[in-house]
Amino acid sequence: MTQLQIKPYITEEQLQKKVSEIGAAITKKFKGEQVVAVCVLKGSFVFYSDLIREINADITCEFFGVSSYHGNTSSGEVKVTLDLAHPVEGKHILLVEDIVDTGITMNYLKNSILSRKPASLTTVALLEKPEALKVPCKLDYVGFQITNEFVVGYGLDYQGYYRNLPFIGQVQNFQ
Ligand code: IMP
């Protein structure tokens, strides 16, 4: 495994506070509704598992696997590795992403879900890199807007590693 220098960027405390704020806002929005919360694998599984526990609504869980990254750059091509297990027609969908970088993955996911005719689609991303956007990508909830640097931890990886860091860090020493 490549040993990277990782500079702490968003602390565990900041993450907890933000996740609970977003959870409260989403709870308000979905008052009395049934919601299908879609976890985008693999990067959002940590954020997702914290977030759904902050939402007070009737939630069922679905998983959507996609990949578009090689190392630390986006390939621009989205590959589905795991499709939703159940139809979502007529359901209220909460799509939970870890990070929006070029916006290509989120756009792909939105279009894919909208083509299945849900009752509504709400999007949330923990992180967004506005400077990296290549396609317009409007989100309903965003945790933190960050600069265009590669980050790891709290579910985000570099070559499969570092997802288990409890904080988000910036990578300092890419070759
Ligand atoms: P996009 O399609 O370029 O917006 O990329 C979205 C996906 O790329 C995310 O779901 C992440 O899996 C991955 N990604 C983008 N930026 C980073 C980063 O800084 N660290 C780790 N993964 C990232």
Side-chain angles (χ1 to χ4, degrees), residues 1-12 14-16 18-19 22 26 36-52 61-85 88 93-115 121-175:
M1 165 183 168
T2 323
Q3 289 299 333
L4 300 179
Q5 280 171 25
I6 294 165
K7 184 172 143 205
Y9 184 54
I10 305 174
T11 64
E12 273 186 85
Q14 288 172 307
L15 288 166
Q16 272 165 19
K18 188 61 80 179
V19 171
I22 298 174
I26 292 174
V36 180
V38 176
C39 174
V40 182
L41 297 173
K42 297 179 186 169
S44 82
F45 76 101
V46 178
F47 171 48
Y48 176 90
S49 63
D50 282 348
L51 181 65
I52 58 169
C61 298
E62 286 287 331
F63 300 88
F64 207 153
V66 286
S67 84
S68 66
Y69 250 60
H70 302 291
N72 63 338
T73 47
S74 175
S75 68
E77 230 177 83
V78 181
K79 194 173 125 208
V80 175
T81 55
L82 178 75
D83 201 357
L84 297 178
V88 294
I93 308 300
L94 175 68
L95 180 60
V96 183
E97 213 356 350
D98 52 354
I99 185 165
V100 171
D101 181 33
T102 62
I104 291 170
T105 305
M106 189 47 122
N107 265 294
Y108 177 92
L109 291 165
K110 275 165 98 171
N111 289 335
S112 173
I113 289 176
L114 287 173
S115 72
L121 173 60
T122 300
T123 52
V124 53
L126 177 65
L127 305 173
E128 180 184 35
K129 295 181 189 170
E131 292 159 26
L133 271 186
K134 286 193 179 150
V135 291
C137 185
K138 203 183 147 305
L139 298 164
D140 296 298
Y141 301 96
V142 179
F144 303 89
Q145 288 194 325
I146 64 169
T147 53
N148 195 4
E149 314 265 353
F150 197 79
V151 288
V152 293
Y154 199 65
L156 291 148
D157 75 308
Y158 173 67
Q159 296 188 344
Y161 294 98
Y162 300 104
R163 293 193 197 275
N164 57 326
L165 288 179
F167 58 90
I168 289 184
Q170 272 179 339
V171 177
Q172 301 293 287
N173 61 329
F174 277 130
Q175 276 88 33

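For the numbers below, each heavy atom of this structure counts, side chains included, while hydrogens, waters and symmetry mates do not. Whatever order the structure lists them in is the order used to number ligands and atoms, beginning at 1. Remember, predicted model here, so these are calculated numbers, not experimental data.
Where the criterion is an N or O separation shorter than 3.5 Å, residue side chain and backbone included, M106 fails it with respect to ligand 1. Between K129 and ligand 1, a contact under 3.5 Å exists for at least one N or O pair. Of the polar atoms of V151, at least one N or O is found under 3.5 Å from an N or O of ligand 1, judged by distance alone.
Near L156, meaning under 4.0 Å from any of its heavy atoms, are these atoms of ligand 1: 21 (C), 22 (N). The contact set between ligand 1 and E97, taken as ligand atoms under 4.0 Å from a residue heavy atom, comprises 10 (O). Contact atoms of ligand 1 toward D157: 21 (C) (distance under 4.0 Å to a heavy atom of the residue). Applying the 4.0 Å criterion to heavy atoms of D98 picks out, from ligand 1, the atoms 9 (C), 10 (O), 11 (C), 12 (O). Here is the list of ligand 1 atoms found below 4.0 Å of a heavy atom in T105: 1 (P), 2 (O), 5 (O), 6 (C).
Counting only N and O atoms by type, the side chains of Y154 and D50 include a donor and acceptor under 3.5 Å apart. For the residue pair D140 / T122, no side-chain donor-acceptor distance below 3.5 Å is found, with atom types taken as modelled.
Scanning T102, L126, I99 for the heavy atom closest to atom 23 (C) of ligand 1 points to I99.
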> Can F144 and K18 be said to form a side-chain contact (heavy atoms from CB on, under 4.5 Å), step by step?
Replying inline: CA-CA 8 Å; F144 303 89; K18 188 61 80 179; 3.6 Å; yes
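With a 4.0 Å cut-off on non-hydrogen atoms, K134 does not touch ligand 1 at all. No part of V40 comes within 4.0 Å of ligand 1, judged by heavy-atom distances.
Contact record, L121 with L95: CD1-CB, 4.0 Å, taken as the closest heavy-atom pair. When all heavy atoms of K110 and K138 are compared, the pair lying nearest together is NZ-O, 2.7 Å. Listed here is the closest heavy atom pair of A37 and Y48: O-OH, 2.7 Å. For the residue pair V151 and Y9, the shortest heavy atom distance occurs at CG1-CD2, 4.2 Å. Contact detail for P166 and E12: the closest heavy-atom pair is O-CG, 3.2 Å.
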